[in-house]
Amino acid sequence: MNHSREQLIDALMGEYAVLIHDDYEDELEMTEEEYHKWLHTLSVERLVEETGCDDVYLTLDDFVYGYS
């Protein structure tokens with residue numbers, strides 16, 4: 001399945017919100033707004049890399065579905 005740039009950004013923002021909710025906020029280097037702006041500077045290929053997905057444990061389809 002192909003995912004749009006906006007779908008990838010939405011899913012990455014969903015993941016970031018979970019990290020903040022799970023008390024990782026002090027360990028994160030950016031606010032949600034800063035992270036969102038930064039994601040918009042990345043290419044689609046770099047967005048896919050940022051998800052940390054692979055074809056074995058967490059596919060890109062699963063990531064987008066789970067965090068959107």
Side-chain angles (χ1 to χ4, degrees):
M1 178 182 286
N2 291 323
H3 301 284
S4 72
R5 176 183 182 75
E6 287 306 314
Q7 286 175 310
L8 294 170
I9 290 172
D10 287 345
L12 285 162
M13 287 303 300
E15 177 191 42
Y16 208 74
V18 168
L19 292 174
I20 289 173
H21 181 268
D22 288 347
D23 296 326
Y24 287 99
E25 188 169 13
D26 293 336
E27 297 175 29
L28 300 174
E29 297 177 7
M30 295 180 249
T31 65
E32 280 185 273
E33 183 178 308
E34 292 168 333
Y35 186 65
H36 190 256
K37 286 180 183 178
W38 178 71
L39 290 175
H40 279 281
T41 69
L42 302 178
S43 67
V44 171
E45 293 79 15
R46 183 65 180 95
L47 289 168
V48 171
E49 287 177 25
E50 188 66 21
T51 67
C53 292
D54 58 33
D55 292 332
V56 178
Y57 297 106
L58 180 63
T59 67
L60 189 57
D61 289 342
D62 291 339
F63 183 87
V64 171
Y65 178 78
Y67 287 112
S68 293

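Please read these numbers as outputs of a predicted model, since none were measured by experiment. Numbers here are sequence positions counted from 1. These numbers come from the heavy atoms of this one structure, side chains and all, not from hydrogens, waters or symmetry mates.
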How many angstroms lie between OG1 in Thr59 and OH in Tyr65, if you round to the nearest 0.5 Å? 12.0 Å

How about CD on Glu33, more than 12 heavy atoms from neighbouring residues, nucleotides or ligands closer than 6.0 Å, or not? no

Between CD1 of Ile9 and OG of Ser68, what distance do you get to the nearest 0.5 Å? 11.5 Å

Grab the two heavy atoms, one from Arg5 and one from Val44, that are nearest each other, plus how far apart they are. NH1-N, 3.9 Å

To the nearest 0.5 Å, how far apart are CE in Met13 and CG in Leu39? 6.5 Å

Partner residues of Leu58 under the side chain to side chain contact (heavy atoms under 4.5 Å, CB included) criterion, sequence neighbours left out: Cys53, Asp62, Phe63

Within a 6.0 Å radius of atom CG on Asp54, are there more than 12 heavy atoms belonging to other residues, nucleotides or ligands? yes

Looking only at heavy atoms, the pair that brings Glu32 and Ile20 closest together is CG-CD1, 3.2 Å

Looking only at non-hydrogen atoms, find the nearest pair between Glu34 and Met30 and report the distance. OE1-CA, 3.3 Å

What heavy-atom pair brings Asn2 and Gln7 nearest, and what distance separates the two atoms? O-OE1, 4.1 Å

Here the gap from Glu50 atom CD to Leu8 atom CG, rounded to the nearest 0.5 Å, amounts to 11.0 Å

When rounded to the nearest 0.5 Å, the distance separating NE2 of His36 from OG1 of Thr31 is 11.5 Å

